[in-house]
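Structure first, commentary second.
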Amino acid sequence: MNILRYAAFTDGPSGGNPAGVLLADALPSPEEMQGIAAEVGYSETVFAAREADGHWRTRYFAPDTEVPFCGHATLALGAALAEHVAPGSYALRLNQDEITVEARHANGLVRAALQSPETESRTADESCVRAVCKLFSLVANDLDARIPPSIAYAGATHLILGLASRSALSRAIPYDLERGRALMEEWGLGTICLVTATAEQAFAVRNAFAAGGVLEDPATGAAAAAFAGYLRDLGWPHGNRIEISQGDDMGSASRIRAEFSSEPQSSIRISGTVRVL
């Protein structure tokens with residue numbers, strides 16, 4: 001099997017989050033896909049096969065488990081389709097949702113964008129927040145009261161935790177991976193998204209992915225979509241667009257743009273650049 005490798009949400013020609021991509025006539029068995037993802041070793045590998053109606057049946061696997069939706073792997077899939085099929089827009093059929101991805105070549109890179117599943121958010125359980133703060137050694141003064149802890153969804157479920165300073169964000173990770181995995185499994189979390197507002201429309205982000213066996217993701221498009229939906233629900237002065245900087249603390253700078261309407265729960269457009277690895 002020919003596994004294609006891309007980095008999505010790059011900072012120009014560097015950085016980004018690596019993903020494996022397999023374009024197939026038919027999807028392998030779940031056990032085979034899980035084994036391939038573990039062997040590739042990236043935070044996600046995406047598998048896609050074209051169906052009779054023109055949709056691409058799409059599944060995502062982390063090294064340890066299947067995940068319902070992955071933003072950076074979707075952009076990597078868009079780049080693979082642009083390279084091996086044709087530039088353009090493609091309809092994807094996930095396990096629980098249907099979305100689109102588009103990709104076109106630009107200045108030696110690929111510019112790609114996805115339309116996320118619909119969003120929703122709710123207040124996070126206080127006991128969950130206490131456990132998360134303990135995991136990351138955060139205290140009450142580290143939290144940003146303007147961004148209350150929330151459970152946010154856009155194809156996958158994330159805990160959003162607003163931090164009051166860039167220094168708090170920098171020291172929150174590393175953490176105990178096995179404790180983090182158990183906590184995320186207990187509360188049904190795909191990731192824990194730690195965010196710091198650097199401006200009204202700009203955020204520095206770190207994203208813990210212990211549930212998938214990964215300490216931290218350098219770019220997380222699914223969490224970016226969920227976070228954007230939450231800011232809309234919150235009434236944050238977002239101007240229908242936010243810019244996310246992620247991966248800087250890992251030495252893999254990544255840049256994500258989220259654009260969206262004011263309509264509650266509507267899809268989020270997540271875009272960035274992709275490079276071949």
Side-chain angles (χ1 to χ4, degrees), residues 8-9 46 53-56 58 60 67-75 77-78 88-104 111-125 144-162 188-205 207 217 219-246 254-274:
F9 300 118
V46 59
D53 64 358
H55 285 67
W56 286 77
T58 304
Y60 309 91
V67 296
F69 171 54
C70 173
H72 83 276
T74 300
L75 259 65
L77 173 58
S89 180
Y90 294 88
L92 310 182
R93 182 167 289 129
L94 315 186
N95 286 352
Q96 301 170 0
D97 297 286
E98 293 189 1
I99 64 171
T100 61
V101 66
E102 61 184 75
R104 291 172 176 79
R111 291 210 60 85
L114 64 85
Q115 285 294 148
S116 79
E118 292 186 348
T119 71
E120 59 183 80
S121 66
R122 57 180 170 81
T123 301
D125 186 286
D144 187 343
R146 300 173 301 166
I147 308 174
S150 176
I151 301 298
Y153 175 86
T157 302
H158 311 268
L159 174 72
I160 308 296
L161 194 65
L189 302 174
T191 75
I192 297 173
C193 185
L194 307 174
V195 304
T196 298
T198 56
E200 286 186 345
Q201 294 176 282
F203 298 85
V205 171
N207 208 277
D217 248 352
T220 318
F227 177 50
Y230 168 51
L231 290 178
R232 176 172 57 194
D233 294 344
L234 185 62
W236 184 271
H238 49 69
N240 301 110
R241 185 182 76 183
I242 61 171
E243 305 283 345
I244 290 174
S245 298
Q246 192 176 336
S254 303
R255 303 294 179 255
I256 304 171
R257 172 174 289 182
E259 299 168 284
F260 45 96
S261 75
S262 297
E263 180 182 352
Q265 299 185 310
S266 61
S267 172
I268 309 293
R269 177 182 171 86
I270 298 293
S271 62
T273 53
V274 185

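Just so it is clear, the model here is predicted, and its values are computed rather than measured.
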Check your understanding: Among side-chain atoms of S121 and R232, is any donor-acceptor pair under 3.5 angstrom?
Key -> no

Review point. With no hydrogens and no angle check, do the side chains of D144 and T196 hold a donor and an acceptor under 3.5 Å apart?
Key: no

Point to revise | Reported CD1-to-CZ distance for the pair I244 and R257, which is rounded to 0.5 angstrom | key: 12.0 Å

Revision key, fill the gap. CH2 of W236 to CZ of F227, rounded to nearest 0.5 Å, is 7.5 Å

Mark yes or no for whether [X], through its side chain, and [Y], through its backbone, hold a donor-acceptor pair below 3.5 Å.
| X | Y | answer |
| --- | --- | --- |
| Q265 | E118 | no |
| S267 | S116 | yes |
| S150 | A124 | no |
| T74 | C70 | yes |
| Q246 | D217 | yes |

Check your understanding: Are R269 and E102 close enough for a salt bridge, meaning some N to O gap below 4.0 Å?
Key -> yes

Exercise for review: Inspect the contact between R93 and E98 and indicate whether a charged nitrogen and a carboxylate oxygen are less than 4.0 angstrom apart.
Suggested key: yes

Point to revise | Parallel, tilted or perpendicular: ring planes of Y90 versus W56, cut at 30 and 60 degrees | key: perpendicular

Check your understanding: Are H158 and Y230 an aromatic pair by the rule of ring centers under 6.0 Å?
Key -> no

